[in-house]
Amino acid sequence: MASIKDVAAEAGVSVATVSRVLNDHPSVSEEARTRVLAAVQTLGYRPNAVARSLRTDQTRTLGLVISDVLNPYFTELARSVEEEARALGYSVIIGNADERPDLQDHHVRTLLDRRIDGLLVSPADGGSPGMLDAARAGTPMVFVDRWIPGVDVPVVRADGRTAVRDLVAHLHGLGHRRLAIIAGPAATTTGSERVEAFREAMAEHGLPLPDAYIGQGDFQAESGRRVTEGFLDLPEPPEVVFAADNLMALGALDAIRARGLRVPEDIALAAFDDIPWFVHTDPPITAVAQPTGELGRAAVRALVDRIEGRPPQSVTLAARLVVRRSCGEPAPTPHSPVTNRSKS
């Protein structure tokens, strides 16, 4: 493997000049820069990232701790984070917390030991001691999707309240009156915000929301299945089940089909967090879609601003309602587009 000395010899310059070129120092002449870059190409030289980090106190590496890598929403988020980071000259190391605060802390400690330049975190279950300690110690950090009130960290998230209000209005317009929700963990901001938005929207239309129609889930498919089974066992089951994330919606769909029931003829189904295969279910599922890719890109830009000494900005983007056919909507006519009710 070629060394920096080999590059210097090939280019006919000093090792110091090679170092200045590789670090984009402005004092190098264009002629020397051209010779060094040609030598790098010829020899296939790759700078030692560890050695460079010791000199510059930067590794050009970001850490991303996501709540559940099996959730398609977070998979898409991670992909957009990696793409934006790469475009800005950074690499990304990903840790999956699996909705467990202890595992979240394990990844935070490991990433900090790797001397990453900054952290992107979607807090699990309202946070964890190690993650909170890192934030309060001044570690460059950005919360993405979820956040922790009272912790001074920039937040990049989607506001789903308007989209949930649009969903309830849509369901009301279709004639539905008994609406139930599978809520996410109350300790997470997304879990509490979505159920509160649903409750407020129901009240706006004068619709009751009895406690029996609020089921506690954990953003996992099994909880969606369990809660839906409880709804179906009620003396008066709901007409619509709204799952506050996509995995719980899939669990709900399993429970409905296991009873031999049909969507939407016997019970309607809607979800928060649209995913690509919702269009391929029968019927396609009406869902609230978040701008996942833009969330990931905006989170990286905010973190890089923080790392590079620019003031980072919190960002709030709008979610939108995507109307399909799982709630009794009329089948689209040929060539008619799917309704995308956005108030962003």
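Taking the charged nitrogens against the carboxylate oxygens, Arg157 and Glu193 do have a contact shorter than 4.0 Å, which makes a salt bridge. Of the charged side-chain nitrogens involved, none lies within less than 4.0 Å of a carboxylate oxygen, so that Glu222 and Arg226 do not count as a salt-bridged pair. Under 4.0 Å is where a charged nitrogen must lie from a carboxylate oxygen, and between Arg161 and Glu196 no such pair does. Salt-bridge check for Arg86 with Glu83: failed, with every basic side-chain N at 4.0 Å or more from each acidic carboxylate O. Ion pairing of Arg301 with Glu294 is present here, as a side-chain N (NZ or NE/NH1/NH2) and a carboxylate O approach within less than 4.0 Å. Between Glu76 and Arg79, no side-chain nitrogen of the basic residue sits less than 4.0 Å from a carboxylate oxygen of the acidic one, so the salt-bridge criterion is not met.
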Begin with the C-alpha distance, continue with both residues' side-chain angles, and end with the deciding distance and a verdict on side-chain contact (heavy atoms from CB on, under 4.5 Å) for Leu179 and Leu209.
CA-CA 7 Å; Leu179 281 57; Leu209 184 59; 5.8 Å; no
Worked verdict on Met131 versus Val121 for side-chain contact (heavy atoms from CB on, under 4.5 Å)
CA-CA 9 Å; Met131 187 271 294; Val121 183; 4.1 Å; yes
Go through the steps for Glu10 and Leu43 under the test side-chain contact (heavy atoms from CB on, under 4.5 Å), then give the verdict.
CA-CA 9 Å; Glu10 176 74 17; Leu43 298 175; 3.9 Å; yes
Does Leu261 form a side-chain contact (heavy atoms from CB on, under 4.5 Å) with Leu232? I'd like the steps, not just the answer.
CA-CA 10 Å; Leu261 302 175; Leu232 296 175; 3.9 Å; yes
Go through the steps for Arg257 and Asp266 under the test salt bridge (Lys or Arg N to Asp or Glu O under 4.0 Å), then give the verdict.
CA-CA 10 Å; Arg257 288 178 171 170; Asp266 299 310; over 6 Å; no
Salt bridge (Lys or Arg N to Asp or Glu O under 4.0 Å) between Glu204 and Arg165, intermediate numbers included
CA-CA 9 Å; Glu204 288 176 7; Arg165 187 179 301 117; 3.3 Å; yes
Could you walk me through whether Asp159 and Thr316 pass the side-chain hydrogen bond (donor to acceptor under 3.5 Å, both in side chains) test, one step at a time?
CA-CA 6 Å; Asp159 182 357; Thr316 301; over 6 Å; no
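Leu250 CG to Thr281 OG1: the interatomic distance, rounded to the nearest 0.5 Å, is 8.5 Å. Note that CG of Asp98 is 7.0 Å distant from CG of Leu70, once rounded to the nearest 0.5 Å. Taking CZ from Arg225 and CD1 from Ile256, the interatomic distance works out to 11.5 Å, rounded to the nearest 0.5 Å. Atoms CG and NE2, from Leu112 and His107 in turn, are 13.0 Å apart once rounded to the nearest 0.5 Å. Interatomic distance, Thr190 OG1 to Trp147 CH2, rounded to the nearest 0.5 Å: 7.0 Å. Here the CD1 atom belonging to Ile94 is positioned 10.0 Å from the CG atom belonging to Leu120, to the nearest 0.5 angstrom.
Residues Ser80 and Thr292 fail the side-chain proximity criterion, which asks for heavy atoms closer than 4.5 Å. Residues His172 and Leu207 have side chains in contact (heavy-atom distance under 4.5 Å, counting atoms from C-beta outward). For the pair Phe278 and Pro284, the minimum side-chain heavy-atom distance is 4.5 Å or more. Within the 4.5 Å cutoff, the side chain of Pro264 has no heavy atoms near those of the Cys327 side chain. Between Leu119 and Phe143 there is no side-chain heavy-atom pair separated by less than 4.5 Å. The side-chain heavy atoms of Val13 and Val18, taken from C-beta on, include a pair separated by under 4.5 Å. Side chains of Arg199 and Met202 form no contact here, defined as non-hydrogen atoms less than 4.5 Å apart. Using a 4.5 Å cut-off on side-chain heavy atoms (C-beta onward), Gln216 and Val227 make no contact.
Shortest non-hydrogen contact noted between Ala252 and Leu269 is CB-CD1, 4.0 Å. Taking both residues in full, the closest heavy atoms of Ile285 and Ser326 are given as CA-OG, 3.4 Å, listed atom of the first, atom of the second, then distance. Across every non-hydrogen atom of Pro238 and Leu234, the tightest pair is CD-CD1, 4.4 Å. Ala201 and Val164 make their closest contact through CB-O, 4.4 Å (heavy atoms, listed as atom of the first residue, atom of the second, distance). Taking each heavy atom of Gly224 and Ile182 in turn, the nearest pair found is O-CD1, 3.8 Å. Summarising the geometry of Ile116 relative to Gly63, their closest heavy-atom pair is CD1-N, 3.8 Å, with the distance given to 0.1 Å.
Around atom CD of Glu265, more than 12 heavy atoms belonging to other residues, nucleotides or ligands sit under 6.0 Å away. Other residues, nucleotides and ligands contribute more than 12 heavy atoms inside 6.0 Å of the CZ atom of Arg310. No more than 12 heavy-atom neighbours from other residues, nucleotides or ligands sit within 6.0 angstrom of CG on Asp152.
Proximity of a side-chain donor or acceptor of Glu239 to a complementary backbone N or O of Arg177 within less than 3.5 Å is detected. Distance alone, capped at 3.5 Å, places no donor-acceptor pair between the His170 side chain and the Val323 backbone. Side-chain atoms of His176 do not come within 3.5 Å of backbone N or O of Val168 as any donor-acceptor pair. Here the side chain of Arg194 pairs no donor or acceptor atom with the backbone of Phe272 at under 3.5 angstrom. Glu84 places no side-chain N or O within 3.5 Å of a backbone atom of Val300 that could act as its donor or acceptor partner. In this structure, the side chain of Thr42 engages the main chain of Ala38 through a donor-acceptor pair within 3.5 Å. At distances below 3.5 Å, not a single donor-acceptor pair connects side-chain atoms of Thr34 with backbone N or O atoms of Ala32. A donor-acceptor pair is defined here as one N or O able to donate and one able to accept, closer than 3.5 Å; such a pair exists between the side chain of Thr139 and the backbone of Ala134. Without hydrogens or angle criteria, Asp166 side chain to Leu321 main chain gives no donor-acceptor distance under 3.5 Å. Checking side-chain atoms of Thr189 against main-chain N and O of Arg146 turns up no donor-acceptor pair under 3.5 Å.
Between the side chains of Asp274 and Asn246, not a single donor N or O lies within less than 3.5 Å of an accepting N or O. Side chain to side chain, Asp105 and Ser128 meet the donor-acceptor criterion of an N or O pair below 3.5 Å. A side-chain donor from one of Asp273 and Gln290 sits under 3.5 Å from a side-chain acceptor of the other. With no hydrogens or angles considered, no side-chain donor-acceptor pair links Gln220 and Asp245 at under 3.5 Å.
Note on Tyr90: it does not cluster hydrophobically with Val108, by side-chain heavy-atom contacts below 4.5 Å among ILVMFWY residues. Cluster annotation: Trp277 is not connected to Val69 through the hydrophobic network of ILVMFWY side chains, with a link wherever side-chain heavy atoms come within less than 4.5 Å. Leu303 is not connected to Val151 by any chain of hydrophobic side-chain contacts under 4.5 Å among Ile, Leu, Val, Met, Phe, Trp and Tyr, and they are in different clusters. With hydrophobic clusters built from ILVMFWY side chains whose heavy atoms lie under 4.5 angstrom apart, Ile267 shares a cluster with Met248. In the hydrophobic cluster analysis, where Ile, Leu, Val, Met, Phe, Trp and Tyr join through side-chain heavy atoms closer than 4.5 angstrom, Phe219 is grouped together with Ile181.
Ring orientation note: the planes of Tyr213 and Phe231 are nearly perpendicular, at an angle over 60° on the 30°/60° scale.
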